[in-house]
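The structure's right below; bear with me while I get my questions together.
Every heavy atom of this structure was used, including side-chain atoms; hydrogens, water molecules and symmetry mates were not.
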Amino acid sequence: MGEDPAREGLRDTPRRVVKAFEEYCVGYSMDARAVLAKTFSETGGYDGAVLVKCIEFESRCEHHMAPFIGKAHVSYIPNGRIVGLSKIARLVDMYARRLQTQERLTSEITAALQKHLKPKGVAVMLEAEHFCMKVRGVHKDHAVTVTTRFTGAYQKDDDLREEFFAQVRG
């Protein structure tokens, strides 16, 4: 790069970078089963969708290690049991704190909820800005990538999917 690695400001940079990446990638030390283990059967008869939207996340592109930052919108239809709302945000963080693609991140969140909660359906939408597009390459500052994944009732029912999109927009 033409920089002097012995320069005062750079001498400790390798150590700082390692420490930063340990923080960026803490999701590898977490387990979805543990995150979603505690559920509750006391639903008061509620059987509609549970949507947690605008969950902020940050991740790192596995291709360039540049950040991508966005919001996750996660919904599930309980099947007799519910999970604490913070657990959904923790699940998003767990997978986001790994080297990722947005497409795989969307799929992993969906699959973990389906596997561990066994709900009637899951809907996940991620919206993110990718710094590999903002600060290098094509330099598109305001491009937003949107990915979605649906299982169960959300996959089968167009009206339910539309309701999800309306709630996310609203």
Taking the side chain as every heavy atom from C-beta outward, state whether V124 and F150 have any atom pair closer than 4.5 Å.
-> no
Residues 109-129 vs salt bridge (Lys or Arg N to Asp or Glu O under 4.0 Å), sequence neighbours excluded, gives E129-K134
Do the non-hydrogen side-chain atoms of L51 and V74 ever get within less than 4.5 Å of each other?
-> no
Contact list for residues 161-170, test side chain to side chain donor-acceptor pair (under 3.5 Å), sequence neighbours left out = D158-R161
Between side-chain atoms of residues 107-114 and protein atoms elsewhere (two or more places apart, or another chain), which donor-acceptor pairs fall under 3.5 Å?
{"residue": "S107", "atom": "OG", "partner": "E103", "partner atom": "O", "Å": "3.3"}
{"residue": "S107", "atom": "OG", "partner": "R149", "partner atom": "NH1", "Å": "2.6"}
{"residue": "E108", "atom": "OE1", "partner": "Q100", "partner atom": "NE2", "Å": "2.7"}
{"residue": "T110", "atom": "OG1", "partner": "T106", "partner atom": "O", "Å": "2.8"}
{"residue": "Q114", "atom": "OE1", "partner": "T151", "partner atom": "OG1", "Å": "2.5"}
{"residue": "Q114", "atom": "NE2", "partner": "P119", "partner atom": "O", "Å": "3.3"}

Please report, to 0.1 Å, the donor-acceptor pairs under 3.5 Å made by any side chain of residues 18-25, with sequence neighbours excluded.
{"residue": "Y24", "atom": "OH", "partner": "R60", "partner atom": "NH2", "Å": "3.4"}

So the ring-ring contact (aromatic ring centres under 6.0 Å, His included) pairs with at least one residue in residues 96-139 (sequence neighbours excluded) are F68-H130
Is there side-chain contact between L10 and E3, with at least one heavy-atom pair below 4.5 Å?
-> yes
Only one of L160, V50, V122 passes side-chain contact (heavy atoms from CB on, under 4.5 Å) with I77, and that residue is L160
Can you list every pair that meets side chain to side chain donor-acceptor pair (under 3.5 Å) and has a residue in residues 34-47, with sequence neighbours left out?
-> T39-R81
Considering only heavy atoms from C-beta outward, does the side chain of F40 approach that of V83 to under 4.5 Å?
-> no
Side-chain contact, heavy-atom cut-off 4.5 Å: Y28 with L99?
-> yes
Taking the side chain as every heavy atom from C-beta outward, state whether E62 and T101 have any atom pair closer than 4.5 Å.
-> yes
